[in-house]
Each structure stands twice: as C-alpha cells, then as structure tokens.
Amino acid sequence: MSTLAVYPGSFDPLTNGHVDIIARGARLFDRIVIAILVNVEKAPLFSLEERVEVARTVFQDQPQVEIDTFDGLLVDYVERRKADVIVRGLRAVSDFEFEFQMALMNRRLNPAIETVFMMPSERYTFISSRLIKEVCALGGRVHGMVPEVVEARLREKLSGHLAR
Ligand code: PNS
C-alpha cells in the first residue's frame, strides 16, 4: 500500500528548514504533497502563485513531491486527497505547544488522519519564514537559509535592502 503524506503550511517563503523536512518526508512516504495555504491571515509577502512557483522550481526534479494549494479545513483537504498522514516540522520545544494543539484538534475532527512530527537538521532549527522576511527587510543576509530561488525573489521584492 502506498502512503501519501500532506505537508501543509503558509510557505511565505519556503525555507531550507521546510526543504529539509520535505526531503526527510520523501524518504519516509511514497509521495508527499506540499499543501500551500491559500488564505494566510495577514497579507503574505509572496502571492499564492509565487509560493507555488517557488516550490515547483525547488522540487522540479523530485517526482514524488507534489505542489498543491488548499483552502478551508486542513483535515477536509487531507480527506479529499485520500492522504494518510499530515507532516509537521518541530524545530524546538516552543513549537510543540501549538503543534500539539493543532494535531489533537485535527484528530478530533478526523480520527483517521495521523499527524507525524519530524525534526529538521539542527542547522535549520533557528530558521522561520517570519525571521527570514524580517532579516531581509532590514538588509541582512539569508544565504544558505532559503533556496537560491527564494533568495533571488526576496532580493527583487526588497531591492536595495538585501545585503550581498
Ligand atoms: O506554515 P504555518 O503557517 O505554520 O501553517 C499552519 C497551517 C496551514 C498548517 C494551519 O494554519 C492550518 O492547518 N490551516 C488550515 C485551517 C485549519 O484546518 N485550521 C484548524 C487547524 S487545527
């Protein structure tokens, strides 16, 4: 039986921490769908189309990684896709409380879906999309923390601010 995993998130933008989790997930599951949330609460830096394009570029050579978008309840999307597992990354204990709450809420909403937590390489535990945007906007260098395509797009968006 082949297992399909869904890795949901805002991915605004995709970081090397996300890429690391996806690589680990792709080794564990037959297929993994990067499910990009349509409605990020506050205005995202990258549009949905841009976030999809970035993910397609980064994973273009990995046929077992699919890029999709979703709106509404995550468990409804996972059920529609007939997926088995939700993958979430845990960087630190501070992530745990909210992730635990979400996993148990999702389980209550649909007991057939399991959440699997994966740890990224310790090299990436300090990286978050929010900090990447803040550092970039203030002229800091994010080389090695995000895929090259993200770095280039951040540079375009925040031109003049990103240190080389
Ligand atoms: O990258 P993020 O912002 O940490 O991802 C959060 C995400 C997309 C996984 C979460 O907000 C989500 O699942 N949203 C969809 C709406 C939903 O199902 N809400 C109830 C979650 S318990």
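Bear in mind the structure is a predicted one, so any value in this text is a computation, not a measurement. Just so you know, ligand 1 is whichever comes first in the structure, and atom 1 is the first atom listed for that ligand.
Protein heavy atom in closest approach to atom 14 (N) of ligand 1: Leu37 CD1, 4.1 Å. The closest protein non-hydrogen atom to atom 3 (O) of ligand 1 is Ser10 OG, 2.6 Å. Nearest protein heavy-atom neighbour of atom 19 (N) of ligand 1: Leu73 CD2, 4.1 Å.
No hydrogens or angles considered: a donor-acceptor pair under 3.5 Å links the side chains of Tyr77 and Asp68.
Within the 4.0 Å heavy-atom shell around ligand 1 one finds Phe70.
Note: the hydrophobic cluster containing Leu131 does not contain Leu138 (ILVMFWY, side chain heavy atoms under 4.5 Å, direct or indirect links). Val6 and Leu109 fall within a single hydrophobic cluster, where Ile, Leu, Val, Met, Phe, Trp and Tyr are joined by side-chain heavy atoms under 4.5 Å apart, directly or via other members. Phe126 is connected to Ile132 through a chain of hydrophobic side-chain contacts under 4.5 Å among Ile, Leu, Val, Met, Phe, Trp and Tyr, so both are in one cluster.
Residue-to-ligand polar distances place Leu74 within reach of ligand 1: an N/O pair is separated by less than 3.5 Å. Remark: ligand 1 and Asn106 share no N or O pair separated by less than 3.5 Å (distance only, no angle test).
With distances taken over non-hydrogen atoms, the option nearest atom 10 (C) of ligand 1 out of Met105, Arg88, Arg107, Met102 is Met102. By heavy-atom distance, the residue among Ala103, Pro8, Gly72 lying nearest atom 15 (C) of ligand 1 is Gly72.
Note that CD of Gln64 and OG of Ser2 are 12.5 Å apart. Values are rounded to the nearest 0.5 Å.
A donor-acceptor contact shorter than 3.5 Å links the side chain of Asp12 to the backbone of Phe46.
With respect to Phe29, the side-chain contact (heavy atoms from CB on, under 4.5 Å) criterion is satisfied by exactly one of Asp84, Thr3, Leu4: Thr3.
Taking every non-hydrogen atom of Gly9 and a distance limit under 4.0 Å, the qualifying atoms of ligand 1 come out as 1 (O), 5 (O), 8 (C).
The protein does not reach atom 12 (C) of ligand 1 closely, with no heavy atom under 4.0 angstrom from it.
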